[in-house]
Number of protein chains: 2
Amino acid sequence: MTAHVFDIKGLKTSCQNCSLAELCLPLGLDQVDVDRLDEIVRRARPMNAGDHLFRTGDAFRSLYAVRAGSVKVYSLDADGEEQILGFHLPGELLGMDAISGKAHACSAKVLETTSVCEIPFERLQELSLRLPSLQSQLFRLLSQEIIHDEAMLLVLGKKPAEERLATFLLSLSERFHRRGFSATEFNLSMSRHDIGNYLGLAVETVSRLFRRFQDDGLLEVQRKHILITDLPRLRAMVHMCDHAEQGTAH
Amino acid sequence: MTAHVFDIKGLKTSCQNCSLAELCLPLGLDQVDVDRLDEIVRRARPMNAGDHLFRTGDAFRSLYAVRAGSVKVYSLDADGEEQILGFHLPGELLGMDAISGKAHACSAKVLETTSVCEIPFERLQELSLRLPSLQSQLFRLLSQEIIHDEAMLLVLGKKPAEERLATFLLSLSERFHRRGFSATEFNLSMSRHDIGNYLGLAVETVSRLFRRFQDDGLLEVQRKHILITDLPRLRAMVHMCDHAEQGTAH
DNA sequence: CGCAATATTGACCACTCTCAATGAGGGTGG
DNA sequence: CCACCCTCATTGAGAGTGGTCAATATTGCG
């Protein structure tokens, strides 16, 4: 078992990936606890773009933590129309909306080569009965997911297209930055279509906004590649004082 | 202490109100556990329309369960613009988005004469370490809140005004019905302005839609009073197969 | 009884969607 | 290695849903 743990550590330091343990480290779990956590986590093979982590209707068994790559979570309504609920980057947890049911209500699709940790929820729940700070962290993570969704409700309910895209770019920027990447230069793993879908906009609108932002000197866009050239002004567009988003964000 | 419990029971049976214990009853807690739960719940005085349960920035200490009346939860963005995140009816829990922080990120305002139970979260958390099914139920409730918010994301992101209002009315209908009230006749405790705000629509649009629905024979509206005259057709408009919403819904 | 807040209704306008055409990459097979 | 194709992205023109502004009702409350 110890070998197992060391193995994980190697992974951790080598490629910025994560596990639930990592999500919980800030919370004062001691090393023994972290090891116990690591024991229940299944480290999955890398997946390819287009693969599904789970689909609507699949039995719910586990949460997933993204270690590398990115995942989009979406639901389909009665008409078969897709609504993207979030994009998950390394260090973020997903699948929490399935806890209250027996089956997943959403689907999760991998956007690029991605590796995830699978965390069997039953065992996590048992373990958290014995580790108060784990229980506490789980409540916190669930709550953060709520906060994220509520922030999106504000965006979709009140903000014009321009501000929606700015908010989206800033969210990515912050999340990359938190993971030790550049806050101003990154690649989008999702298509324009996906961005539009997520933000409640048509693809064409997204495209036009990218052009406008570029013309306004806010950023340089080349296909999937984004270079933010005026972060302060982008922030000013959003005008926001909220700070949600910490470990589970989309 | 037993007297206390009896006291609560009297309340419960007399006026359809709720407590956390009630939310947890379906889950196989035995009577002793329920009593323990009841012990930590503070039964608050009734509040008047316009009163705040909590405001943005207030220290987070408790969750609240609505026993009678209704509550709107909203956040303010940087511009001071309000976004209503949900309406809570009797039997529903609120405040869960504050768990991950020290302070409330939203405000909760009472829409009419309302009574709530206050549930100190610290104590709830401690108790749930000893009662696995309580822990499990809490996870479930958090998760349902996420599901509700995600359903709203679909509505705000993809649905036209007409369908938004239909969805809203059906949600109220189901929730009243679940509580033993009529599914087709009820009073709106919130203003047109609030409805529009919640649904991402202008007040005027809401007003026009009520008229159209009435002209189309879907319902009869008289100010706050709603009589749904063609529930099946209202359902058809929404076309939905989702069934979320169980204890915490808005 | 009268003022203030809320709701309704109408006219106009704008943001964004839809439709349609063009252009650019990326992968596959010849 | 290039040609082809298919998907994705961009760009333009026109249309429509829903927002804004403004005036008028209605209700509730002091």
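In the text below, chain A, chain B and the rest are named by the order of the sequence lines, each starting its count at 1.
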Which pairs, protein N/O on one side and nucleotides 15-17 of chain C N/O on the other, fall under 3.5 Å?
| residue | atom | partner | partner atom | Å |
| --- | --- | --- | --- | --- |
| C:dT16 | OP1 | A:Ala161 | N | 2.6 |
| C:dC17 | OP1 | A:Gly200 | O | 3.3 |
| C:dC17 | OP1 | A:Ala202 | N | 3.2 |
| C:dC17 | OP2 | A:Ala202 | N | 3.2 |
| C:dC17 | OP2 | A:Thr205 | OG1 | 2.2 |

Practice prompt. Decide, yes or no, whether a salt bridge links B:Asp216 with B:Arg212 under the criterion of side-chain N to carboxylate O below 4.0 Å.
Written response: no

Worksheet entry | Atom-to-atom span, NE2 of A:His225 to P of D:dC8 - whole angstrom | 21 Å

Item to complete: Ignoring backbone atoms, test whether A:Lys224 places a side-chain nitrogen or oxygen under 4.0 Å from the OP1 or OP2 oxygen of D:dA9.
Response: yes

Worksheet entry | Integer-rounded Å distance: D:dA9 P and A:Met190 CE | 11 Å

Worksheet item: Below 4.0 angstrom, N of the basic side chain to O of the carboxylate: do A:Lys109 and A:Asp51 qualify?
Response: no

Practice prompt. Would you classify B:Ser207 as touching base, sugar-phosphate or nothing, given that sugar-phosphate means primed atoms plus P, OP1 and OP2, and contacts are heavy atoms under 4.0 Å?
Written response: base

Discussion item. Can you measure A:His193 atom NE2 to D:dT10 atom C1' for me and round it to whole angstrom units?
Written reply: 16 Å

Practice prompt. Go along nucleotides 23-30 of chain D 5' to 3' and tag each nucleotide: B for a protein heavy atom under 4.0 Å from its base, S when only backbone or sugar atoms are that close, - otherwise.
Written response: ---BS---

Worksheet entry | Check against ring-ring contact (aromatic ring centres under 6.0 Å, His included), B:Tyr198 and B:Tyr74 | CA-CA 9 Å; B:Tyr198 178 57; B:Tyr74 63 96; over 10 Å; no

Worksheet item: Roughly how many Å is it from CD in B:Glu163 to P in D:dG18, rounded to a whole number?
Response: 11 Å

Practice prompt. Locate the shortest heavy-atom distance separating B:Cys106 from B:Asp97; write the atom from each residue and the value.
Written response: SG-OD2, 2.8 Å

Worksheet item: Can you name the side chain to side chain contact (heavy atoms under 4.5 Å, CB included) partners of B:Lys158, sequence neighbours left out?
Response: A:Glu81, A:Gln83, A:Asn197, B:Leu154

Worksheet item: Looking at CZ of A:Arg67 and SG of A:Cys117, how far apart are the two atoms once the value is rounded to the nearest 0.5 Å?
Response: 4.5 Å

Discussion item. Would you say the rings of A:Tyr64 and A:Phe54 are close, in the sense that their centroids are separated by under 6.0 Å?
Written reply: yes

Practice prompt. Look at the side-chain N and O atoms of A:Arg192 and state whether any lies under 4.0 Å from the OP1 or OP2 oxygen of D:dT10.
Written response: yes

Item to complete: Could you tell me whether a side-chain N or O of B:Arg192 sits under 3.5 Å from a main-chain N or O of B:Arg223, the two making a donor and an acceptor?
Response: yes

